[in-house]
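Below: the structure, in structure tokens.
In what follows, every chain begins at residue 1, and chains take the letters A, B, ... in the order their sequences are listed.
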Amino acid sequence: MGKILLKIEKLKVRVNEKDILNGVNLRIKGGEIQALLGPNASGKSTLVQVILGNPKYKIFEGKIFFGEKEITKFSPEKRVKLGMALAWQNPPQIKGVKFSELLEKISILKGSTSKYRFREVEPQLLEREVNVGFSGGEKKIAELLQILSLNPKLVIFDEIDSGLDIKRLAMVAKIIKKELVDKGVSVLLITHLGQILQFLKPNLTNIMVNGKIICKESDFRKVLRTIKKYGYEKCKKCKFLAG
Amino acid sequence: MKNVKNVNFWQVNHKIKNIFERRGVKVLPSPKAWEKFNWVRKILKEKPKEGYFIWVKKTINLPLEACVSIASLKISQNLTNLLVIEKGIKAKVNAVCNATKNNLYATHKAKGKLILKEGVFLEYNHIHKWGEKDFVSPDYEFVLEKNSRLIYNYQNLFPPENLELKTAIHSEKNASSNLNFVINSLNSKIKIKDTVFLEGKNSQTVVRLKLVGRKNSQIEAMSQIFAEAPGKGHLDCQGLLVDKTAKISLIPQLVCQNKEAQITHEASIGKISEEELTYLRMRGLTEKEAIDLIVAGFLEK
């Protein structure tokens with residue numbers, strides 16, 4: 001495992017007078033796979049949007065570092081330039097813009113070659129407008145293709161396993177492994193149900209409840225077993241809560 | 001301009017640079033056509049100062065090209081253009097009007113009459129590219145005789161400081177028109193008025209306006225359909241406000257004077273979605289690049 005790539009310290013975010021993140025601490029090393037699990041509305045998606053610099057969210061306490069740099073106030077594009085990438089859970093439609101056009105634009109910006117010519121991609125997808133009428137599975141593939149064009153050092157997948165059947169999930173996991181994990185890219189998997197973990201086997205699994213990471217566990221199977229049996233309620237009562 | 005030899009009419013400032021006729025197509029400066037043909041004098045009451053006359057008498061496979069440019073400071077053009085297409089002919093015309101430099105403080109006034117005789121099909125692509133300080137006022141009238149069909153695409157992605165665009169369409173029996181206006185604004189004042197008269201039985205029209213309001217711009221667009229006969233028409237006006245200093249006013253107007261006519265409209269003005277913008281920025285595009293891509297998509301769709 002490499003040096004620490006992403007470091008989040010005591011991050012607090014408030015939206016419309018409501019505390020969404022209540023002091024999140026997280027560290028991800030180079031080449032590491034981590035998972036972040038949590039119930040609905042626990043703050044997972046807000047956290048990843050904040051990590052990538054979504055201007056909608058204002059940080060009122062805490063810091064984010066990427067590599068050696070503090071990036072708390074960096075614009076999203078500057079973070080992407082440094083090597084961060086996020087695959088959205090519900091990507092918006094960009095009407096009138098062909099998906100191939102967007103991929104080319106990203107590739108030119110990043111000086112990467114277009115990597116979207118693998119077998120799994122139906123050519124018609126490239127000719128369609130970005131995310132317009134895409135099925136759940138198509139959206140995930142489209143996100144993955146964009147991520148690969150970004151040549152990232154760290155990729156955050158927000159619920160990449162939601163809405164995918166088992167066959168598609170296996171295929172997506174295979175691409176993530178081959179194109180990212182095997183090449184030393186760090187991965188953070190945000191997941192509600194945890195299906196993808198069986199395929200990608202994270203080094204560390206974090207549990208988030210009420211805007212705080214309350215548990216860090218190296219055995220993801222143990223976490224999944226507990227959640228399956230007791231739900232997240234058990235985590236809230238756990239006496240070994242992480243700080 | 002590339003391949004100028006193939007441009008059927010090419011004028012720069014007040015000088016005609018090229019006239020190229022094809023078999024079955026007469027091309028002249030409009031003042032000369034006025035002197036030469038009696039019937040032209042009946043259509044154009046006053047002798048034109050400058051402009052083109054294109055008379056299509058046979059179907060040709062290649063598009064006809066007309067180009068009027070301004071290349072010098074403070075030039076003031078006053079054009080009268082006449083395009084006549086004889087019965088049953090299918091034609092395509094690409095007309096480009098532009099300023100070759102950005103700060104020429106030029107004026108381009110154009111009055112045009114386009115006559116589509118019975119059964120004609122015309123695709124007319126009207127492209128404008130202006131400098132930031134120009135004043136531009138095109139006023140075009142189309143006469144669609146029975147069974148004729150017009151596709152008119154007006155595109156202005158490089159707007160002048162002032163644009164007053166007037167378009168009128170007269171449609172006889174079974175004539176149909178499809179009008180598409182795509183207009184960008186930046187430090188501009190733009191007034192648009194397009195009117196379609198459904199004068200003959202079963203005449204039809206679909207009018208689409210796509211307007212983008214950028215920094216320090218005001219756009220006023222009035223889009224009208226007058227149904228005097230049992231025809232069908234639809235207006236679709238869409239505006240996109242990109243900057244907080246921009247203003248767009250859309251006024252769709254339907255006037256129905258025949259109980260069997262069906263005319264409808266829809267109009268909307270929206271802003272750029274913050275979510276789309278953030279999404280594209282998380283793909284590495286700057287805010288400006290992201291806005292440009294969203295605007296290009298809006299104009300494309």
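B:Gly297 and A:Val97 make their closest contact through CA-CG2, 3.8 Å (heavy atoms, listed as atom of the first residue, atom of the second, distance). Taking both residues in full, the closest heavy atoms of A:Val80 and B:Arg283 are given as CG1-C, 4.1 Å, listed atom of the first, atom of the second, then distance.
For the pair B:Met282 and A:Gln49, the minimum side-chain heavy-atom distance is below 4.5 Å. Between B:Arg281 and A:Pro55 there is a side-chain heavy-atom pair separated by less than 4.5 Å.
Taking a 6.0 Å sphere around CZ of A:Arg27, one finds it holds 12 or fewer heavy atoms contributed by other residues, nucleotides or ligands. Other residues, nucleotides and ligands contribute over 12 non-hydrogen atoms within 6.0 Å of the CZ atom of B:Arg214. For B:Phe121, the CZ atom sits in a packed shell: over 12 heavy atoms of surrounding residues, nucleotides or ligands are nearer than 6.0 Å.
The OH atom of B:Tyr279 lies 3.5 Å from the CD atom of A:Glu143; values are rounded to the nearest 0.5 Å. With rounding to the nearest 0.5 Å, the separation of NZ in A:Lys81 from OG1 in B:Thr286 is 10.5 Å. To the nearest 0.5 angstrom, B:Glu276 atom CD is 8.0 Å from A:Gln93 atom CD. Atoms CD1 and CG, from A:Ile94 and B:Leu280 in turn, are 4.0 Å apart once rounded to the nearest 0.5 Å. Once rounded to the nearest 0.5 Å, the distance linking CD of B:Glu289 with NZ of A:Lys105 reads 6.0 Å. Summarising the geometry, atom CH2 belonging to A:Trp88 is positioned 5.5 Å from atom OG1 belonging to B:Thr278; distances are rounded to the nearest 0.5 Å.
The contact list for residues 9-17 of chain A toward chain B, using heavy atoms and a distance under 4.5 Å, is empty. Of residues 59-69 of chain A, not one residue has a non-hydrogen atom less than 4.5 Å from any non-hydrogen atom of chain B.
Partners of B:Phe197 under the ring pair (Phe, Tyr, Trp, His ring centres under 6.0 Å) rule, at least two apart in sequence or in another chain, are B:His170, B:Phe226. Residues forming a side-chain contact (heavy atoms from CB on, under 4.5 Å) with A:Lys73 (at least two apart in sequence, or on another chain): none.
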